[in-house]
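Starting off with a structure, shown below.
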Protein chains: 2
Amino acid sequence: MNTSSFITNIRKTVNLNEEEEKYIESVFVPLRVKQGEFVEHSGEITRYFIYVQSGCLMTYFTDKDAFDHVAQFATAGWWTGDLHSITKGVPSIYSTRALADSEVLLLPKNSQEELLNKYPQMERYFRILYQNALVTHLHRIIQGHAAAADERYISFREKYPSLEQYVPLKYIASYLGITPEFLSKIRRRLMESR
Amino acid sequence: MNTSSFITNIRKTVNLNEEEEKYIESVFVPLRVKQGEFVEHSGEITRYFIYVQSGCLMTYFTDKDAFDHVAQFATAGWWTGDLHSITKGVPSIYSTRALADSEVLLLPKNSQEELLNKYPQMERYFRILYQNALVTHLHRIIQGHAAAADERYISFREKYPSLEQYVPLKYIASYLGITPEFLSKIRRRLMESR
DNA sequence: ACTATTTCTTAATCTAGTTCAAGATACTTC
DNA sequence: GAAGTATCTTGAACTAGATTAAGAAATAGT
């Protein structure tokens with residue numbers, strides 16, 4: 001398993017010379033996970049920033065009634081994990097699990113800090129990564145308040161068409177903040193109206 | 001009006017020498033806004049990153065039925081504005097308005113880019129700023145799905161007690177994703193139960 | 001101080017979305 | 001390939017929260 005996919009990804013944002021790329025590549029820990037396996041467990045302190053090379057992961061919160069709430073999905077080229085836990089060193093409230101057999105690259109907390117200190121370009125890379133994620137998150141909050149469930153489902157499908165192959169509908173419902181039963185009803189209405 | 005409050009703020013995250021601080025201070029544009037005045041209008045391309053020195057602003061989205069949805073409040077020490085519009089140069093879907101007479105510091109887009117290029121410390125400052133905001137935003141999304149409106153209201157009050165002095169209840173309702181009428185009902189229930 | 005406007009509350013009615021329970025499809029695994 | 005498990009759908013009964021409309025309380029403007 002090679003790590004060059006991450007280098008391709010980072011090149012889209014910042015420029016690095018060959019030596020820098022070599023070093024950056026070297027600090028990632030490649031890992032294969034099977035469908036259903038955990039990468040991080042809630043309750044534990046997150047140790048890694050998780051980059052997805054192939055497959056699909058989901059990060060979710062389990063509430064007091066043992067209901068899961070999907071925080072985010074991550075397919076090839078995406079990062080996931082619990083930023084709060086890893087940066088503040090507190091136990092995570094999220095778990096991260098594979099929805100399909102996946103290849104991930106783990107970036108240990110210390111290695112990330114080292115990269116940030118050593119290469120200003122990496123600081124920029126993460127700044128831009130977070131900046132984009134922030135825009136998406138705020139949009140999701142506002143859509144959650146301003147749009148009805150059926151509209152949210154339609155935009156979800158338009159925005160992440162590739163996820164349909166990996167993600168069971170019940171998790172999409174959870175991501176949208178509705179029950180699987182209601183999503184089912186929405187889907188039928190959409191089918192009938194065309 | 002002095003800009004030293006921002007320097008105090010940035011010192012909490014990164015170290016700068018006196019010369020750097022001087023320069024950074026010099027690129028901010030101080031502005032006083034009265035209650036109700038706009039700092040940015042939706043439909044226009046956002047030109048400034050907005051830092052609040054005193055008072056209180058809110059950034060909100062207006063939907064197709066002319067309903068406002070509060071994206072965020074910002075009191076002293078907070079940043080606000082539309083990151084997507086300013087970074088991508090597209091018209092903003094958010095407006096930013098003063099909820100009280102306020103002093104703000106505007107950081108023009110070009111100046112921010114200059115600061116980022118000139119001082120790696122600034123790149124770090126914004127990386128950490130965005131990182132923390134990301135954690136908060138994701139938490140808000142999950143709470144929106146996992147917690148009922150009354151719980152969300154209670155945690156809001158605990159988390160941002162200082163906002164009560166500035167923010168009319170109808171905007172708090174909007175921030176929480178409920179109607180003012182329903183918030184009113186919640187508040188009465190809470191009063192009665194103690 | 002008086003008036004106008006905005007904000008907040010109350011109550012009745014309504015609806016988007018939930019819950020519960022059961023059956024239908026698909027997917028695993030041995 | 002049969003049996004077991006997880007996912008998806010359907011429908012009936014329910015509820016958290018929305019809508020509408022009106023009055024009360026607070027704020028702002030002159």
Side-chain angles (χ1 to χ4, degrees), chain A residues 34-37 55-56 58 60 62-70 73 97-101 141 143-157 163-193, chain B residues 33-37 55-56 58 60 63-70 73 97-101 141 143-157 163-193:
Chain A
K34 294 230 154 119
Q35 175 167 1
E37 280 179 4
C56 183
M58 79 171 191
Y60 61 97
T62 306
D63 70 20
K64 52 186 186 324
D65 303 321
F67 268 92
D68 289 345
H69 301 272
V70 175
F73 300 114
R97 238 175 49 201
L99 289 176
D101 294 356
I141 290 170
Q143 279 271 112
H145 293 169
D150 52 353
E151 298 176 66
R152 268 142 55 207
Y153 174 57
I154 291 166
S155 5
F156 176 85
R157 289 184 53 167
L163 280 176
E164 290 180 330
Q165 68 184 107
Y166 295 120
V167 183
L169 288 170
K170 62 174 187 164
Y171 296 132
I172 293 179
S174 170
Y175 180 92
L176 296 173
I178 58 177
T179 58
E181 291 89 342
F182 190 55
L183 177 55
S184 204
K185 211 177 283 187
I186 288 171
R187 284 162 54 80
R188 183 166 45 139
R189 285 204 294 250
L190 292 177
M191 297 282 277
E192 281 168 359
S193 73
Chain B
V33 280
K34 293 230 155 123
Q35 175 168 1
E37 279 179 5
C56 184
M58 81 171 191
Y60 61 98
D63 69 20
K64 53 186 185 326
D65 303 321
F67 267 92
D68 290 345
H69 301 272
V70 175
F73 300 115
R97 238 176 51 201
L99 289 177
D101 294 357
I141 291 170
Q143 278 270 112
H145 294 169
D150 52 352
E151 298 177 65
R152 267 142 54 207
Y153 174 58
I154 292 166
S155 7
F156 176 84
R157 290 185 53 168
L163 282 175
E164 290 181 330
Q165 67 183 109
Y166 296 119
V167 184
L169 288 169
K170 62 174 188 165
Y171 297 132
I172 293 179
S174 170
Y175 180 91
L176 296 173
I178 59 177
T179 58
E181 292 88 346
F182 190 56
L183 177 55
S184 205
K185 209 179 285 187
I186 288 172
R187 283 162 55 80
R188 181 164 49 135
R189 285 204 294 250
L190 291 177
M191 298 281 277
E192 282 168 358
S193 72

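Proteins come first, then strands; the chains are lettered A, B, ... in the order of their sequence lines, and each starts at number 1.
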Heavy-atom contact window of chain A on DNA chain C, given 5' to 3' at under 4.0 Å: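 Result: C:dG17 to C:dC20.
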Excluding sequence neighbours, so at least two apart, what forms side chain to side chain contact (heavy atoms under 4.5 Å, CB included) with B:F182? B:A149, B:I178, B:T179, B:K185, B:I186, B:R189
Could you tell me from which nucleotide to which nucleotide of DNA chain D, 5' to 3', there is an atom under 4.0 Å from chain A heavy atoms?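 Nucleotide range with atoms under 4.0 Å of chain A: D:dT7 to D:dG11.
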Nearest heavy-atom pair of A:S174 and B:H145: which atoms, and what distance?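 Between these two residues, the closest heavy atoms are O-ND1, 3.7 Å.
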Kindly say whether B:F67 contributes a backbone atom to a donor-acceptor pair with the side chain of B:D65 at under 3.5 angstrom? no
Would you indicate whether the side-chain heavy atoms of A:L190 and A:I154 approach each other to under 4.5 Å?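 With C-beta onward as the side chain, the pair touches.
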Pick the nucleotide of DNA chain D nearest each of A:V167 and B:F67; which residue has the one closer to the 5' end?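 The residue mapped nearer the 5' terminus is A:V167.
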Under 3.5 Å, is there a donor-acceptor pair between the side chain of A:S184 and the main chain of A:P180?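 No; zero donor-acceptor contacts below 3.5 Å.
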In terms of the angle between their ring planes, are A:F73 and A:Y175 parallel, tilted or perpendicular, with boundaries placed at 30° and 60°?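 Because their plane-to-plane angle is under 30°, the rings of A:F73 and A:Y175 count as parallel.
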Could you check whether any side-chain N or O of B:R152 sits under 3.5 Å from a backbone N or O of B:A147, counting only pairs where one atom can act as donor and the other as acceptor?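 Yes, because the side chain of B:R152 sits within donor-acceptor range (under 3.5 Å) of the backbone of B:A147.
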Checking all strands, does A:G177 fall into the base, sugar-phosphate, or nothing category for heavy-atom contacts under 4.0 angstrom? sugar-phosphate
Side-chain ion pair, A:E37 and A:R97, N-O less than 4.0 Å: no
5' precedence on DNA chain D between B:L183 and A:L169 (nearest-nucleotide basis):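 The residue whose closest nucleotide sits nearer the 5' end is A:L169.
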